[in-house]
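Here's the structure we're looking at; comments come further down.
Note on naming: letters A, B, ... go to the chains in the order of the sequence lines (proteins, then strands), and numbering restarts at 1 for each one.
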Amino acid sequence: MNEEIDDSEFYHQDFTTASEWEVFMARIEEIISQWKIDKERSEKPLDTESIWSIKSERLNFADEHFYLYLYSKQIACSAITEINEEKEDNPQKNPIDSLHDFELYNENNNEVHSCLSIWYGLNEFIVLSPASNGGIINESKIKMLLSSIYVVEGNLVASENLNSIPIFIQIREKWQRLYLGVFANEVIRTNFEMVHLKKGLPYCNYLSGLLDLFKTKISSPCTIDQFIVSTQFTFTLSEFGGFVWKQDLLHQNYDIESLFILPFGVSVDPISALILKTTWNHLPDNLVVDSENYTDFDPMAAMKWSCLIKSTNDPVCLMGDAMTEFLQNLNNSFTIYDILGDFASLPSSENNPLDLLTEPNVPTLSRLLTRTARHSLTRNKRNNPPLSESVLVPLLYFLFPDADEKSNFPYGREEKEHVEPSEQILFKNFDEEFKGFKTCSPDSLVWRLSIILTHCLQSLGGLRAFAHIWYEFVQEMRYRWEKSMPIPGLSPGLPDLRTCLLNQKLQMLNCCIDRKLSRDNAQVSFDSAENSSTDDDDEFFDCSEKPTEEKHKEKLSLWNQPVGRLSKFGNLKLIKTGDPLYIPVTQDPVLKTEDQLEEDTDVLLQLGSDAEAMELRARIMSASLLSDMESFKAANPGSVIDDFIRWYSPRDWIEEEDKVDEWGQKVGQLSPRMLIEDNIWTEMWLSAKPVPAHRQKRLFDDTREAEKVLQFLDLRTISQICELIIPVLSHTAIYRLMEECQSLASDEIQFPAKISNLIRKGEVLTRETRPQPRRFEAIIQEAAALELLISEMNSLHYKLNPSRAINDEINDLVVKLVTGREVAVENRANSEIGSRIVSMFGEAQKMTNLSIGEQYEEGRNAINNVFPVPTAREFVLRANAVKPAVYSSKCPQFLRAVLSKDEFRLCGAWSEDTVFF
Amino acid sequence: MDEDILTTLKILIIGESGVGKSSLLLRFTEDNFDPEQTLTIGVDFKTKRLNIDGSRVKLAIWDTAGQERFRTLTPSYYRDAQGAILVFDVSSYATFSKLEMWLNELETYSTKNDIIKMIVGNKIDVDKREVSREEAMRFAKRHHTLYIEASAKTKDGVESAFEELVHKIIQTPNLWDSYEMNNIHIGNKGQPNQSTCAGYCSLV
Ligand SMILES: Nc1nc2c(ncn2[C@@H]2O[C@H](COP(=O)(O)OP(=O)(O)O)[C@@H](O)[C@H]2O)c(=O)[nH]1
Ligand SMILES: [Mg+2]
C-alpha cells in the first residue's frame, strides 16, 4: 500500500491517516482477541434458535461506522452440515479444504452473513460490514479496508496463541452480498474473492467454461492432476394444476352450510412453489460433460435429491381476517339503527320476517302473505335489506332450529365422533381444555350467533349485514318473549355467572319467559278456582301449584283461612294451636345477571362496614325474608316466630331432652341470638302480614326484567356488540384451530403447546370485563399464524399424499418443509415422495407443452420431458495446486459458480504457500 | 395509603347456620366476640387490610347466611371470590357432614377456576367435641383444601386461618389479576408453588 503522494502534503496527511488507520486496526485486533478470551472462558452459549452464535462490536474509521461480527457455528448443531468430522483434528487445516458442497437450506439458520458459510463451508469467520445501508462503493476505500484485514490477519498469525479465522469485508451495495476476505496461518494464505453480476458471462454458463476459468485463475506453475466437480440443479414447480390447494376442497359442496362454521384457511394456495434440488457430489472433471450442447447431468440420475418449499407472501388467513374485523369495530359507536337506516324502522310486528320462523312451519296462507307483504315493503324503500331473504332465512333457521321440525341442525346434537385412531388425536377432551373460558357452551345459541355475525362482517355485506342479523336476532327475542316461546340453544336454569354476559342475558330472558308461562298457567287455574279476576295481574305474583284440597278452602276466602300451603313439614305441630306446620308456597328467587349483581354489590359496598351499614344491608337483604314470613303466616294461621324458625333456621331452635308438650312434640326454645330483644328477625315477624305468595308484590318482576334485557340488546352499539361477541369468537376460533390440527400430530411443531398458550390467553380475555384490544390482537396474530401453518400442511399433504393415508415419512417431510427447511428425498425418484414430485413436475410440463404447442424448443438434449429448465445451477470446482512456485506445496483452490436467471455469482478462494515468501 | 395496596381480595365464608361464621369474621376484623351476634340475613361483608409476605392486601370478606332459604340468593355473591372459608362446628357432627354439600355449592357457583378453599373447625373451646381432628383432616386432604382449627370465642387460630388463606392466594398468581398489574412483584415470588394438596395443616 505504498502510494506515491506529493511530498509537501505527505508528512501531515500520512501521519493522520496512518495513525487513525492504525488505531482502527488495533481496535479490530483487540476485539478479536477479546472474543477469543471470552470463548475460552465461557461455556456453550445458550442461543438455541439458530445454530449461529453471533457476536458484534461497533467501531469507527474515517467517519464511517462499522460493525465487526464473529460468526461461530454452535457445535451441537453442526452435524447438520456435510462437513467431515476429521476436520477438527488439525486446527491449522485450511478451512476451505473441506468436502463442503451444498448445505440443506434452513430458514431458521439464516443470518445476514451466514451465506459465507453456505458458499465456502466456513464454520467460523469474522465480517467487517459498514453500519449504514449505503455499503462501501468507493474503490480506494475498499482497498484501504482490504489492506486493513490483511494486516490484521498477518498480526494475528504472528501472535502465536491465536488460531486463525478468515476475515471478510463486505463491499458494494449490501443486497449484493459481496465480500472479500483473507485467511492465513503459518504456511498458507487464502484470498477470498467474489464476482456478482446480474447477467452471466456466456463462456461461464456451463461447466466446461467454468473449468477453463478456474484453471486460468489458479495459474499454477505445474499441471494439476485432477479437478473435483460438484453440481446442483434446481427445479421450481409453481404450477400445481390439479394439485392447487383451496380451503373449499374440505367441504366440496359450497353452500349455505359453509356459513355454519367459522371461515378457516387461506384464500390462495399457501404454497407458491415446490423446489427440487438435484445434486452430484465430488466427480472427477474428466467423467462429466456439461456444455452448451450436451449435459451429463440428468436430474433423474442425480446422486441426491432434496426439496424445499416457497410460501405465498402474506396470504389472507380467513379466520384471522374475520377476527380482525371485530377488532377494528371496537371503536365503532354507531347503533345498528344508524347503520340500517330506513330498513330497520319498518313497522315490524306484523311484517317481521321472523314470523316465518316462529309461526307454525306449515306454509300457511298467512305466512306466504307475510312474505309478499315484506317484499313489497322492502322494494318500496330505496334501500334493499343488507341480507337477502334467501340468505337471511337459512341463517335464522340455523340460530333457531326449533322453528323447523325437520332441521338438520337442532341444538344439543351428539358431538361428532372423531374417527382417527386414538394415538393420533392431540386433544382428547375439548370441554376440559376450555373449562376456564367464560363464554358459552359449544354449539349453543350464542356460539352460533358469533359464527353468523363473523360471516356477516367478513363476507355477507360487512357492517350492514352484521347490523341486520343483530336486528333480526333482537326482534326474534322480543317475539319469543311476547309469545312466551322458550329460546332454544341455552342451558336451562338461572343466568350462569360462569358464562359470558350475552349468554347470561339470554338465559335471564328465558327465565322470564318461563315464569311468565307458569304465571299464565297458574292464572288460568286460579281464575277458574276463585271465580274472580284481579284487575292488576302484573302487580301480583301468582303461585304455580296448589294442592287441589286447598281450592275449596280458598273459595271460602275468610281472612284467617290458611292460604298458599305447599306441604306439611314433617309432623311438626304449631306450638300454640297444634295444627300441622305447613311449608308455604314461596316466591321464586330473584335472578340477576352479573352486571346487575355488580351494581348491587357496589351499593352494598358503598354503605361501608360500620354497624349502621350492617343494619342497612340487612334491611336491603331482608325483602325475601319478609316475603317468606308473610307466606308462612298465611299458610299457618296462629303460628308464632318459634314455628317459623323451626322451619327456616332449625339450628336456632334448641330442643330440650325428654320434655314433651301437649301435642306430643319435644319442647324447645329459640337460640340465644334469636332471643335478643328487638332483633331484626323478631321485629320483622311482628310486621309481617299473612299474605300468600301469589298476592304479594313480586320480588322479581319478570316483565320488567325481560324488557330490560330486550332494551339492553336493542341499544347495543356496534362496538358493544363486538365486545359481547369477542370472547365467544375467541373461543370458537381456538376450538376450530384445535379441530383443524387434531390429526396433524408432530413433535416438532408442538401444536398442543401452541394451542394451550392460546387457550391461556383466551381465558384471560374472556374474563375481562371488557376485552382488551391489545390482548385480542395478540390472540388474532397467534391464531392466524397457526391457521397459516395448518393450511400449508394441508396443502402439502394434498399435493404429496392425496389419499391422506397415514404415512409417517410424509408427515415428517411436511413438518420440516413448513418449518422452512430443505429436506433430503431418500431414494430420489424411486421413493413415494420422489415419484409424487416427478408426476407433479410431469403434469406441469405437459400443460406448458400444450400451451406452447408441440414446437417448444428442446433445450440442449432436453433433459427429459419431466423437468423444466432449471431455475438455478450451481457448480463447485476444487483442485489442489502447487503455488506460487514449483517448489511450493499443494494448496487448496476453490470456485463456486451460482447461475440463475437473475444472478451470476462466482465465489473463489485462492491459496498460496507462504513458507518461502 | 392505597397506592401500596397490591390487590383487593374477595373471600367468602360459608357453612351451616350457627357454626360461628359471623363470629369468626368479627373476631378477625375487630378482634371482638359478641355472644349476641344476630343471625345473618342474606349476605354481609367486612373489610380488613393485611400485611402478608411483604405486600399489603385489602380483604373484602363476605359473610353469608347458612339457611336453606337463602341459598338461592347467596351464591350470586360467590362471583370472583379468590378464597373460600368453609366453617363447621367441631361440637356438631351435623355441621361437618354438610361440608360436602358446601363444597359442591362452591364448585357450582365460584367463577374462578382455582379458588383456594380452607376448612375451619370452629368452637374448639367447647368441651363436648363431636368431630375429631383426624377425621376433619382426612376430609380436607381428600378435597385438597387447607385445614385449620379455631375458636372465635378464645381467638385461637383465627388470625392464622385468614393469613394462611391469603398467603396461599398470593402464591397462586392466576387468582389475583396479575395480568392487569404487570409491574407488581410479590414478595417471595421465586418460591415454588406448593401443590394445593400439600397445604393442609393443623394449628393449636
Ligand atoms: N363457644 C363458642 N361459641 C361460639 C364460637 N363462635 C360462635 N359461637 C356462638 O355460636 C353462635 C352462632 O354464631 P354466629 O357467628 O352467628 O354463627 P353463623 O350463623 O355461622 O354466622 C353464636 O351464639 C355465637 O356466640 C366459638 O368459637 N365458641
Ligand atoms: Mg352469621
Side-chain angles (χ1 to χ4, degrees), chain A residues 435-436 438 494-499 586 588-594 596-598 600-601 604-605 607-610 613-615 617-626 628 645 647-652 654 671-677 679-681 684 760-761 763-765 767-768 772 775, chain B residues 8 10 15-20 22-23 25-26 29-30 34-48 59-81 89 92 94-95 98 107-114 174 177-180:
Chain A
K435 211 177 80 194
K438 190 167 168 301
L494 323 177
D496 186 344
L497 302 179
R498 288 164 302 173
T499 65
T586 51
D588 284 332
V590 174
L591 305 178
K592 301 253 156 105
T593 52
E594 68 183 22
Q596 296 172 316
L597 271 172
E598 186 95 18
D600 288 6
T601 314
L604 294 185
L605 281 170
L607 295 176
S609 58
D610 55 14
M614 277 178 67
E615 168 95 22
R617 262 197 295 277
R619 302 245 169 244
I620 294 173
M621 307 292 308
S622 63
S624 73
L625 178 59
L626 181 64
D628 287 347
I645 290 296
W647 165 57
Y648 207 86
S649 184
R651 286 181 48 76
D652 282 290
I654 298 149
S671 68
R673 59 179 174 176
M674 291 309 286
L675 291 171
I676 300 161
E677 287 278 305
N679 79 64
I680 187 164
W681 290 70
M684 210 178 301
R760 269 198 306 280
K761 289 192 178 147
E763 256 178 42
V764 175
L765 179 87
R767 295 178 164 277
E768 284 167 343
Q772 271 189 44
R775 196 181 308 285
Chain B
T8 300
K10 178 170 173 180
E16 289 298 289
S17 167
V19 294
S22 305
S23 303
L25 181 56
L26 185 68
T29 51
E30 283 158 38
D34 177 8
E36 307 213 321
Q37 175 90 38
T38 37
L39 177 52
T40 313
I41 297 174
V43 299
D44 196 9
F45 81 96
K46 287 189 190 300
T47 57
K48 178 156 171 123
L59 304 182
I61 308 165
W62 290 78
D63 181 19
T64 60
Q67 284 83 8
E68 203 91 41
R69 290 294 307 161
F70 287 118
R71 214 161 282 156
T72 44
L73 172 74
T74 48
S76 330
Y77 294 90
Y78 289 15
R79 199 173 146 257
D80 288 342
D89 175 350
S92 153
T95 64
K98 285 280 187 159
E107 184 68 30
T108 316
Y109 295 106
S110 72
T111 55
K112 294 245 187 232
N113 267 336
D114 24 20
N174 269 358
D177 303 335
S178 54
Y179 37 85
E180 271 164 24

Problem set entry | Selection from B:Thr38, B:Val43, B:Asp80 maximising heavy-atom pairs under 4.5 Å formed with chain A | B:Val43
For this session: Under 4.5 Å heavy-atom distance to chain B, tell me which part of A:Leu607 shows up: side chain, backbone, both or neither.
Result: neither
Exercise. Taking only residues two or more places apart in sequence, or in another chain, which ones meet B:Tyr77 in a ring-ring contact (aromatic ring centres under 6.0 Å, His included)?
Worked result: B:Trp62
Exercise. Can you tell which of B:Thr29, B:Asp34, B:Val19, B:Leu39 has the highest number of heavy-atom pairs within less than 4.5 Å of chain A?
Worked result: B:Leu39
Seminar exercise, completed: Residues A:Ser649 and B:Gln67: closest non-hydrogen pair is OG-NE2, 2.7 Å
For this session: Name the region of B:Thr108, side chain, backbone, both or neither, that has any atom closer than 4.5 Å to a heavy atom of chain A.
Result: both
Exercise. Is chain B contacted by the side chain of A:Asp600, its backbone, both, or neither, given a heavy-atom distance below 4.5 Å?
Worked result: side chain
For this session: Measure B:Thr40 against the heavy atoms of chain A and call it side chain, backbone, both or neither at under 4.5 Å.
Result: backbone
For this session: List the atom of B:Ser76, the atom of A:Leu597, and the distance in Å for their closest heavy-atom pair.
Result: CB-CD2, 3.4 Å
Problem set entry | Heavy-atom closest contact (B:Gln37 atom, A:Arg673 atom, distance) | O-CB, 3.1 Å
Problem set entry | Contact origin within A:Ile676 toward chain B - heavy atom pairs under 4.5 Å | side chain
Seminar exercise, completed: Taken to the nearest 0.5 Å, the spacing of A:Leu604 CG from B:Phe45 CZ works out to 7.0 Å
For this session: Name the region of B:Asp89, side chain, backbone, both or neither, that has any atom closer than 4.5 Å to a heavy atom of chain A.
Result: side chain
Problem set entry | Check: A:Thr601 and B:Arg79 side chains under 4.5 Å, non-hydrogen atoms | no
Exercise. Hey, is the main chain of B:Asp44 close enough, under 3.5 Å, to the side chain of A:Arg617 for a donor-acceptor pair?
Worked result: no
For this session: Output the distance between atom CD (B:Glu16) and atom CZ (A:Arg651), rounded to the nearest 0.5 Å.
Result: 6.5 Å
